[in-house]
Amino acid sequence: MKMQRGTDYIYQLIKQGEHQQQDFKFEISDARKIAKSLSAFSNTDGGRLLVGVKDNGKIAGVRSEEEIYMIEAAAKLYSKPEIHCNMHLYEIEGHQVLEVVIPKGESAPYYAKDENNHYKAYIRIKDENILATPVHLRLWQSQYAQKGVFVRYSTPEQHLLHFLSQNEKISLTQCCKQIGISRPKAIDTLAKFIHFGLIEPIYIEKKFFYRLCPPSPTL
């Protein structure tokens with residue numbers, strides 16, 4: 001991999017800190033953990049890893065070429081489907097910083113293999129990689145009609161919209177109890193409403209909830 005010089009560029013990225021589209025990695029020691037990050041970025045808005053950078057933004061440098069090979073293994077062997085990312089190596093004041101650019105995927109969900117050889121999908125929220133919910137998975141896998149198609153809502157679906165018009169949010173478990181529907185039906189309904197832009201998922205205190213989408217501002 002050709003070494004590039006980009007001190008100002010890397011420092012500008014580091015100045016941003018960790019956020020939804022950027023994560024710092026002091027070192028790469030486990031391809032499975034990196035696959036988790038690749039899954040999260042691919043399933044959300046894409047992003048980048050800066051390898052050889054500590055959480056506090058201090059440059060420590062890439063320790064060996066093995067770290068590059070582990071990232072390649074994470075993308076090819078521990079991700080399903082394979083995740084294509086671009087890597088650029090920069091020389092910064094005697095240290096090497098590896099930038100790994102992960103585009104937003106076009107075939108979500110992207111799964112990462114864990115230590116038990118189970119495939120799980122993740123999403124990126126702020127600076128965290130969060131396990132995707134069954135609603136996320138159903139939304140990705142759904143083949144609903146495009147927006148603008150007339151849809152007749154069933155009684156449970158009407159009850160859900162009415163509940164959300166009277167309450168700030170609802171969880172998947174609450175949806176089952178309040179609306180009186182099975183968990184698979186609740187998952188399907190929430191995913192469909194997200195798809196049509198009626199509700200949106202929100203993440204509060206390590207839990208997912210769903211609320212009505214705010215009305216569009218009038219011109």
Side-chain angles (χ1 to χ4, degrees), residues 1-133 136-137 140 201 203 206 208:
M1 184 180 300
K2 184 178 179 180
M3 186 75 67
Q4 302 184 52
R5 295 186 180 274
T7 302
D8 291 342
Y9 171 68
I10 294 298
Y11 277 132
Q12 288 174 4
L13 293 179
I14 292 175
K15 187 176 180 180
Q16 297 175 13
E18 294 181 306
H19 52 74
Q20 186 154 311
Q21 292 182 280
Q22 181 163 282
D23 197 7
F24 299 158
K25 294 295 182 183
F26 169 53
E27 63 179 350
I28 306 299
S29 59
D30 189 335
R32 289 179 174 84
K33 290 182 179 180
I34 293 303
K36 179 178 176 180
S37 294
L38 300 183
S39 165
F41 282 127
S42 297
N43 286 329
T44 314
D45 298 316
R48 69 169 56 82
L49 297 174
L50 290 181
V51 183
V53 178
K54 296 182 178 181
D55 289 343
N56 61 8
K58 184 177 180 180
I59 295 176
V62 176
R63 298 190 173 189
S64 72
E65 291 187 0
E66 284 296 321
E67 298 189 69
I68 297 175
Y69 299 144
M70 292 184 75
I71 292 171
E72 293 176 343
K76 296 179 180 180
L77 303 179
Y78 294 98
S79 299
K80 186 176 71 173
E82 179 180 334
I83 294 174
H84 299 281
C85 52
N86 298 311
M87 292 188 280
H88 309 282
L89 197 59
Y90 294 88
E91 182 179 352
I92 310 295
E93 299 179 359
H95 297 288
Q96 296 180 3
V97 173
L98 179 64
E99 178 191 29
V100 184
V101 180
I102 306 100
K104 179 178 180 179
E106 299 180 354
S107 303
Y110 291 84
Y111 295 90
K113 183 186 291 188
D114 65 15
E115 60 277 6
N116 297 315
N117 293 324
H118 296 151
Y119 281 97
K120 297 179 181 179
Y122 297 85
I123 60 172
R124 182 81 174 173
I125 298 180
K126 295 183 178 179
D127 60 350
E128 293 185 78
N129 299 325
I130 308 297
L131 184 66
T133 68
H136 288 104
L137 297 176
W140 287 323
Y203 190 63
K206 307 295 183 180
F208 276 99

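Position 1 is the first residue of the sequence; numbering continues from there. Side chains are part of it too, since the values below use all heavy atoms of this structure and drop only hydrogens, waters and symmetry mates.
- Between Leu38 and Tyr78, the closest side-chain pair of non-hydrogen atoms is not below 4.5 Å.
- With sequence neighbours excluded, the residues forming a ring pair (Phe, Tyr, Trp, His ring centres under 6.0 Å) with Tyr9 are Tyr90, listed by chain and number.
- The two residues Cys85 and Pro103 make their nearest non-hydrogen contact at CA-CD, 4.4 Å.
- Rounded to the nearest 0.5 angstrom, His84 NE2 and Ser42 OG are separated by 10.0 Å.
- For Arg124 against Gln22, the heavy-atom pair with the smallest separation is NH2-O, 3.0 Å.
- From Ile10, atom CD1 reaches atom CD of Glu93 across 12.0 Å, with rounding to the nearest 0.5 Å.
- Legend: salt bridge (Lys or Arg N to Asp or Glu O under 4.0 Å) pairs involving residues 30-42, not counting sequence neighbours: none detected.
- With rounding to the nearest 0.5 angstrom, the CD1 atom of Ile83 is 12.0 Å from the OH atom of Tyr111.
- The backbone N or O of His88 lies less than 3.5 Å from no partner atom in the side chain of Glu99, so there is not a single donor-acceptor pair.
- Residues satisfying the side chain to side chain donor-acceptor pair (under 3.5 Å) test with Lys206, not counting sequence neighbours, are Glu128.
- Closest approach of Met87 and Leu98 over heavy atoms only: CB-CD1, 3.9 Å.
- Summarising the geometry, atom CG belonging to Asp23 is positioned 11.5 Å from atom CZ belonging to Arg48; distances are rounded to the nearest 0.5 Å.
- In plain terms, the two heavy atoms of Ala74 and Ala31 that are nearest each other are CB-O, 3.2 Å.
- The number of heavy-atom neighbours closer than 6.0 Å to CD of Glu65, taken from other residues, nucleotides and ligands shown, is 12 or below.
- Rounding to the nearest 0.5 Å places CG of Asn43 at 8.5 Å from CD1 of Ile123.
- Taking the six-membered ring for Trp and thresholds of 30 and 60 degrees, Tyr203 and Phe208 have ring planes inclined between 30 and 60 degrees apart.
- Qualifying ring pair (Phe, Tyr, Trp, His ring centres under 6.0 Å) partners for Tyr69, counting only residues two or more places apart in sequence or in other chains: none.
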Show me the donor-acceptor pairs within less than 3.5 Å that the side chains of residues 113-122 make with the rest of the protein, sequence neighbours left out.
from	atom 1	to	atom 2	distance (Å)
Asp114	OD1	Asn116	N	2.9
Asp114	OD1	Asn117	N	3.1
Asp114	OD1	His118	N	2.8

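- Between the side chain of His95 and the main chain of Ile92, no donor-acceptor pair closer than 3.5 Å is present.
- Contact between Met70 and Ile28 at its shortest, heavy atoms only, is SD-O, 3.6 Å.
- Here the CG atom belonging to Asn129 is positioned 8.0 Å from the OG atom belonging to Ser39, to the nearest 0.5 angstrom.
- Across every non-hydrogen atom of Lys104 and Asp45, the tightest pair is CB-C, 3.9 Å.
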For residues 52-63, which side-chain donor-acceptor pairs fall under 3.5 Å, sequence neighbours excluded?
from	atom 1	to	atom 2	distance (Å)
Asn56	OD1	Lys58	N	3.0
Arg63	NH1	Glu27	OE1	3.4

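- Other residues, nucleotides and ligands place more than 12 heavy atoms under 6.0 Å from the CD atom of Gln16.
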